[in-house]
Amino acid sequence: MSHLKLTDVSKDYGHVQVLKHINLDIVSGEFMVFVGPSGSGKSTLLRTIAGLETITGGTLEIDGEVVNHRAPSKRGIAMVFQSYALYPHMNVFDNMAYALKIANESKDEIKRKVEAAAETLQLSKYLKRLPGQLSGGQRQRVAIGRAIVRDPKVFLFDEPLSNLDAALRVATRLQIAKLHQEMSKSTMIYVTHDQVEAMTLADRICVLRDGMLEQVGTPMELYENPQSLFVAGFIGSPKMNFFNGAIAGKYGAETLGVRPEHLEISDREGSWSGKVIHQENLGSDNFIYIDMGGEEPVVVRADGASHYTTGAPISIAPMANKTYRFDKAGKPIKG
Amino acid sequence: MTTAVEQAPAIPRASTGRPSWLAGLTLGRALTHLALLVLVLIWTLPTAGLLISSLRDKDQLAVSGWWTALTTSETQGVTRIGTAEAQVEEGGRYFIRGNVFGTDTNKTVTAFGLSNAAPGAEPAGGSVEMTDGGAITVQADGAFEWASDAPFAHTRGPRIFYVSAIAPRFTIDNYIEVLTASGVGRSFINSFTVTIPATIIPILIAAFAAYALAWMRFPFRGLIVALVVGLLVVPLQMSLIPLLSLYNDIAKLFGATDGKTYLGVWLAHTAFGLPLAIYLLRNYMAGLPREIMESARIDGASHFKIFTTMVLPLSFPALASFSIFQFLWVWNDLLVAMVFLGAQQDKLVLTGKLVSLLGSRGNNWEILTAGAFVTIVVPLIVFFALQRYFVRGLLAGSVK
């Protein structure tokens, strides 16, 4: 059991408010991902949960107990840092055993737990090595192993993959997903700015902006039903196209949003015309950048086999019922 | 998690026509190397000279420089041959025998003569006619034989002048003399008694203080750091006498009859060393990655545990460099030791002993060179023992 409840949590440094009245329930065994642009307060929120930052307003409860002033080590949490934060003068075994030694566990117990964790993470061969002798991916696994051996109620991940190269990132992402399945009782909270990680890993995603919660929901909810212009633009890749002025006006909205995958190339009635300025063919898909006179080009997803000449005129139209309408305040218009 | 990486084909290097060791040589690099060479020479030459001088025979040291130590040196000498009483008769001939060097054996005669003006008139092994009759032969090893057909009758032995070569001779006699007879040995031990605690005590205190100032949150922390930096510029001479009188008052308060103890000099050196130590260590510790401390905190480590298991091992380069600074400073210090220990013979430190040797035996070069080398050999050992901790990369693999 590890149910986290944040009630009206605020954090300020002097006059700068970093977190503004955050209310959030994270249920036991859930994989919760905090996403947001840099400076949105997602890392600060994680650190207040860890106890590395004090909470200046509101309460944080773990399993019904208020833990605002409890030391980090007494909260039953483990944290994996972006920079790994391995202890450079200790070998892999000692890195993983450090918390257990402080907790005064018996030598046999420590050995058993560390070796079990090393086994799961394929680190058994490297137990005697120093962190400096490991590759980036191995270091990240040691950092995860250090969290696992403590058998925490809550795992906190602070952008754990951002220092890895693309191939390793995918592999480690899979490993974390597997870990979540194996430790189904542990709650995991994961901070990232990469929305692919968020979409693929999360049970629920929490989008933060300027220290405030924008929206909390499952990845599909956020994708299909964004509750603000910001979330609509943040979730999905490539990002949603926004249209203002006359085009939006026709739909009775201040801003009209259409995802690249919901635009089709057609010259039927009511289509919009522009000029191809660039295309990115990924093999399966071909993303076409179209200049329609707006500040940013409009992106359309077309079939990978298609080809469009740069500079050629083109007509596009949104698919039926696949448009998002937003009012002046950036809130969606229902109906 | 393995990825197959295809080996890129080796790109053939364009030949530049210069030998490979010259390829990377540029004017800037050559100048750097030259400057380095000059620096090395400036440092090593006097040290080498001191070492060589201290190992030379004291007679040779008095007449020639250390750079001649490996070559044979020449000196002139004179000896007076025995009178007629020393003659022996063998087979009707009369001889006077002896050795020009007496018992000294490390010299050889290269030439000899009978007058002061021409001491090298005849090469060794040759013979010269004597005015008192007969002829004298001097061998290379200094043995001479004056032979005559008639008995000798002279009452005053004639003089023989000779040129002798002294073979280079190295000896540790100077050190033995310095360490035993001159009281330098005692001072050596005194210096250690002062230096070792005066190095360890400030490090112990400063490491704790530096950790607190770097990683613990408490009011006026910044002010204390500023104060420490301010103390760095207080000249020692300014505070020395007030400190001494304060210290003597406290000593009297505790009923001590003599304020001049080792404890006093330890405390004085600790006090003078602390600002630099705290400043140096705090800056180093503040540069350690924050995540390591946070991770240790989440792992359940207390501040004390973080200090002993994380910060101390990772701060070894800073601790080592400060140890060297403090050790050298205390070892070479004269002023503080003189003020707080005085010039009593049984507590005189090595620097003080050298000063007194300069006064009392200023002409005995062999004592001074050996004494000086004894003084610098300890800092050298300390430096070479700790220099391997100056390596970078102690934090490798921790973050990124």
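Keep in mind it's a predicted model, so treat the numbers as computed, not measured. Only heavy atoms go into these numbers, but all of them, side chains included; no hydrogens, no water, no symmetry mates.
Applying the 6.0 Å contact sphere to CZ of B/F218 captures more than 12 heavy atoms from other residues, nucleotides or ligands. When the shell of 6.0 Å around NZ of B/K305 is examined, it contains 12 or fewer heavy atoms from other residues, nucleotides or ligands. Enclosure of atom CD in A/E109 by more than 12 non-hydrogen atoms of other residues, nucleotides or ligands within 6.0 angstrom is indicated. B/Y262 OH: more than 12 foreign heavy atoms inside a 6.0 Å radius. No more than 12 heavy atoms of other residues, nucleotides or ligands lie within 6.0 Å of OH in B/Y279, so this atom counts as exposed by the packing criterion. Sparse packing is recorded around CZ of B/F304, with 12 or fewer heavy atoms of other residues, nucleotides or ligands lying under 6.0 Å away.
Contact of A/A78 with chain B is made through the backbone alone, with heavy-atom distances under 4.5 Å. Looking at A/L134, there are no atoms closer than 4.5 Å to chain B (heavy atoms on both sides), in backbone or side chain. With a 4.5 Å cut-off on non-hydrogen atoms, B/S302 does not touch chain A at all.
Using a 4.5 Å cut-off on side-chain heavy atoms (C-beta onward), A/M79 and B/E294 make no contact. Using a 4.5 Å heavy-atom threshold, the side chains of A/R150 and B/I298 count as touching. Looking at B/T309 and A/Y98, their side chains come closer than 4.5 Å, going by heavy atoms from C-beta outward.
Interatomic distance, B/I306 CD1 to A/I102 CD1, rounded to the nearest 0.5 Å: 8.0 Å. Separating the CD1 atom in B/I292 from the NE2 atom in A/H89 is a distance of 8.0 Å, to the nearest 0.5 Å. Interatomic distance, CG of A/L52 versus CD of B/E291, reported as 10.0 Å (0.5 Å rounding).
Summarising the geometry of A/S73 relative to B/R297, their closest heavy-atom pair is CB-O, 3.6 Å, with the distance given to 0.1 Å.
For the set A/R47, A/Q82, A/Q140, the entry with the most heavy-atom pairs within less than 4.5 Å of chain B is A/R47.
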